[in-house]
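Remarks on the structure that follows.
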Amino acid sequence: MTKYEILRMIFEENKDEERALPMAHYMRDQFVFYGISSTKRKELCLDFMKAQRKEEETDWNFITDCYNDPHRECQYQACDYLLARAKYLAKKDLPRIRKLVMTKSWWDTVDVLNKVCGQIFLKDNTISDTMTAWSLDENMWVRRCAIEFQLLLKDKTDTHVLAEILENNLGSDEFFINKAIGWALRDYSKTNPAWVSAFIETHQEKMNNLSIREGSKYLKDQKRT
């Protein structure tokens, strides 16, 4: 059996049709679900994922099969698979990751794939040129991935790259872009509140109110303490 066939068997044996419907509704009925929660899915796939981490070659056929499957849990598992194997990934894999970002796109998968890019960046900061180019991409989800790829990197964040990517997306009327800008600033404010405060002050006339509100959340908390 292929990896995908094993995964599908696990999901088929544990599907929950009662949960599947509200899960689909939550995602605006864009995808079909097995009805398996994220926590349960990860528990079910624990042994499966342990085996995949040991393999040196990334199985892109497995990822393709998962993305071709109509069930959203398969795309989730493909993204988790890439994140678990991030140490094996490199700059040459970015075109494939970009294709995934553009396939069956929604925030739930894109917000895992941006972490994959972040892990590659920690090994090879030359991908910053690629991510900056992504921030100007015609595809909104590719831009969102670029905006968020340094999430959780804390003091390893390249502020020059972050600023350029954010500036490339100011003035957008896309909710998911403006939300991403806010989240990127909010996350980095935990590490460098002065930088975030200065960025917002400098660019606030061009920033959407959503971005300012999200980006300032922890700054307000710090002012009260």
Side-chain angles (χ1 to χ4, degrees), residues 1-90 93-94 96-123 141 144-145 147-154 156 176 179-180 183-184 186-187 190:
M1 298 179 70
T2 65
K3 293 185 183 69
Y4 165 69
E5 290 170 338
I6 294 171
L7 183 69
R8 187 175 62 181
M9 181 178 66
I10 294 172
F11 288 164
E12 288 285 349
E13 291 176 351
N14 292 275
K15 64 184 178 182
D16 185 338
E17 294 181 359
E18 290 187 7
R19 289 182 59 91
L21 191 58
M23 289 175 73
H25 287 340
Y26 181 68
M27 291 297 169
R28 301 185 183 180
D29 295 311
Q30 297 179 96
F31 313 105
V32 177
F33 282 82
Y34 278 115
I36 303 172
S37 69
S38 177
T39 300
K40 184 174 182 180
R41 175 177 58 80
K42 291 179 179 180
E43 290 175 354
L44 292 170
C45 296
L46 189 60
D47 291 338
F48 174 83
M49 291 296 288
K50 283 182 179 178
Q52 311 317 314
R53 288 189 181 96
K54 297 177 182 178
E55 297 182 355
E56 293 187 8
E57 291 294 326
T58 301
D59 190 343
W60 289 99
N61 289 329
F62 165 69
I63 295 169
T64 299
D65 288 340
C66 285
Y67 262 77
N68 286 337
D69 192 287
H71 297 90
R72 194 57 166 168
E73 288 90 346
C74 290
Q75 284 96 66
Y76 292 161
Q77 203 59 43
C79 292
D80 285 352
Y81 169 82
L82 283 174
L83 188 57
R85 294 184 50 78
K87 67 180 181 180
Y88 297 108
L89 300 176
D93 296 305
L94 289 177
R96 282 172 158 160
I97 295 172
R98 180 178 177 275
K99 184 177 180 180
L100 294 178
V101 170
M102 298 173 64
T103 304
K104 297 185 177 180
S105 305
W106 201 241
W107 62 264
D108 50 349
T109 51
V110 173
D111 288 2
V112 178
L113 294 171
N114 65 43
K115 295 176 184 176
V116 177
C117 294
Q119 291 302 304
I120 297 173
F121 173 76
L122 290 178
K123 299 184 299 178
W141 297 107
R144 180 180 170 99
C145 187
I147 292 168
E148 294 185 336
F149 91 95
Q150 292 195 86
L151 283 178
L152 306 179
L153 297 192
K154 298 181 180 180
K156 294 182 175 61
F176 288 108
K179 189 81 168 180
W183 279 356
R186 182 178 68 183
D187 179 69
K190 301 175 191 177

(Q) Please evaluate residues Glu17 and Tyr34 with respect to the criterion side-chain hydrogen bond (donor to acceptor under 3.5 Å, both in side chains), reporting the C-alpha separation (whole Å), side-chain torsions for both, the decisive distance (0.1 Å), and the verdict. (A) CA-CA 7 Å; Glu17 294 181 359; Tyr34 278 115; over 6 Å; no

Q: Output, in order, the C-alpha distance, side-chain angles, deciding distance and verdict of salt bridge (charged side-chain N to carboxylate O under 4.0 Å, His left out) for Lys3 and Glu55.
A: CA-CA 12 Å; Lys3 293 185 183 69; Glu55 297 182 355; 3.2 Å; yes

Q) Can you check ring pair (Phe, Tyr, Trp, His ring centres under 6.0 Å) on Tyr81 and Tyr67, steps first, answer last? A) CA-CA 12 Å; Tyr81 169 82; Tyr67 262 77; over 10 Å; no

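Here the options are Arg41, Lys115, Arg85, the test is salt bridge (charged side-chain N to carboxylate O under 4.0 Å, His left out), and the partner is Asp80; only Arg41 passes.
No donor-acceptor distance shorter than 3.5 angstrom exists from the side chain of Gln77 to the backbone of Cys74, with no hydrogens or angles considered. Looking only at distances, a side-chain donor or acceptor of Lys123 sits under 3.5 Å from a matching main-chain atom of Ala86. A donor-acceptor contact shorter than 3.5 Å is absent between the side chain of Arg144 and the backbone of Trp107. In terms of modelled atom types and a separation under 3.5 Å, the side chain of Asn14 and the main chain of Ile10 share a donor-acceptor contact. Side chain of Asp16 to main chain of Gly35: no donor-acceptor pair is present (N/O by atom type, distance under 3.5 Å, no hydrogens or angles). At distances below 3.5 Å, at least one donor-acceptor pair connects side-chain atoms of Glu73 with backbone N or O atoms of Ile36.
Note on Lys154 versus Asp187: no salt bridge recorded, every NZ/NE/NH1/NH2 to OD/OE distance being 4.0 Å or above.
To the nearest 0.5 Å, the span separating CG on Leu122 from SG on Cys117 amounts to 11.5 Å. With rounding to the nearest 0.5 angstrom, the CH2 atom of Trp183 is 6.0 Å from the CG atom of Asp111. Atoms CZ and CG, on Arg72 and Asp108 in that order, are 4.0 Å from each other to the nearest 0.5 Å. Atom OG1 of Thr64 and atom CG of Leu100 lie 7.5 Å apart (nearest 0.5 Å). Between the CG atom of Asp65 and the CG atom of Asp59 there is a distance of 8.0 Å, given to the nearest 0.5 Å. Remark: Thr58 OG1 to Ile63 CD1 distance equals 6.5 Å, nearest 0.5 Å.
The local environment of CD in Gln30 is crowded, with over 12 non-hydrogen atoms from other residues, nucleotides or ligands closer than 6.0 Å. Around atom OH of Tyr88, more than 12 heavy atoms belonging to other residues, nucleotides or ligands sit under 6.0 Å away.
Note: Phe121 and Phe149 have perpendicular aromatic rings, judged against thresholds of 30 and 60 degrees for the angle between ring planes.
Residues Val116 and Cys79 fail the side-chain proximity criterion, which asks for heavy atoms closer than 4.5 Å.
Aromatic ring centroids of Trp106 and Phe31 lie 6.0 Å or more apart.
A side-chain N or O of Tyr4 and one of Asp69 form a donor-acceptor pair less than 3.5 Å apart.
Heavy atoms only, all atoms of each residue included: Leu82 and Leu89 are closest at O-CD1, 3.7 Å.
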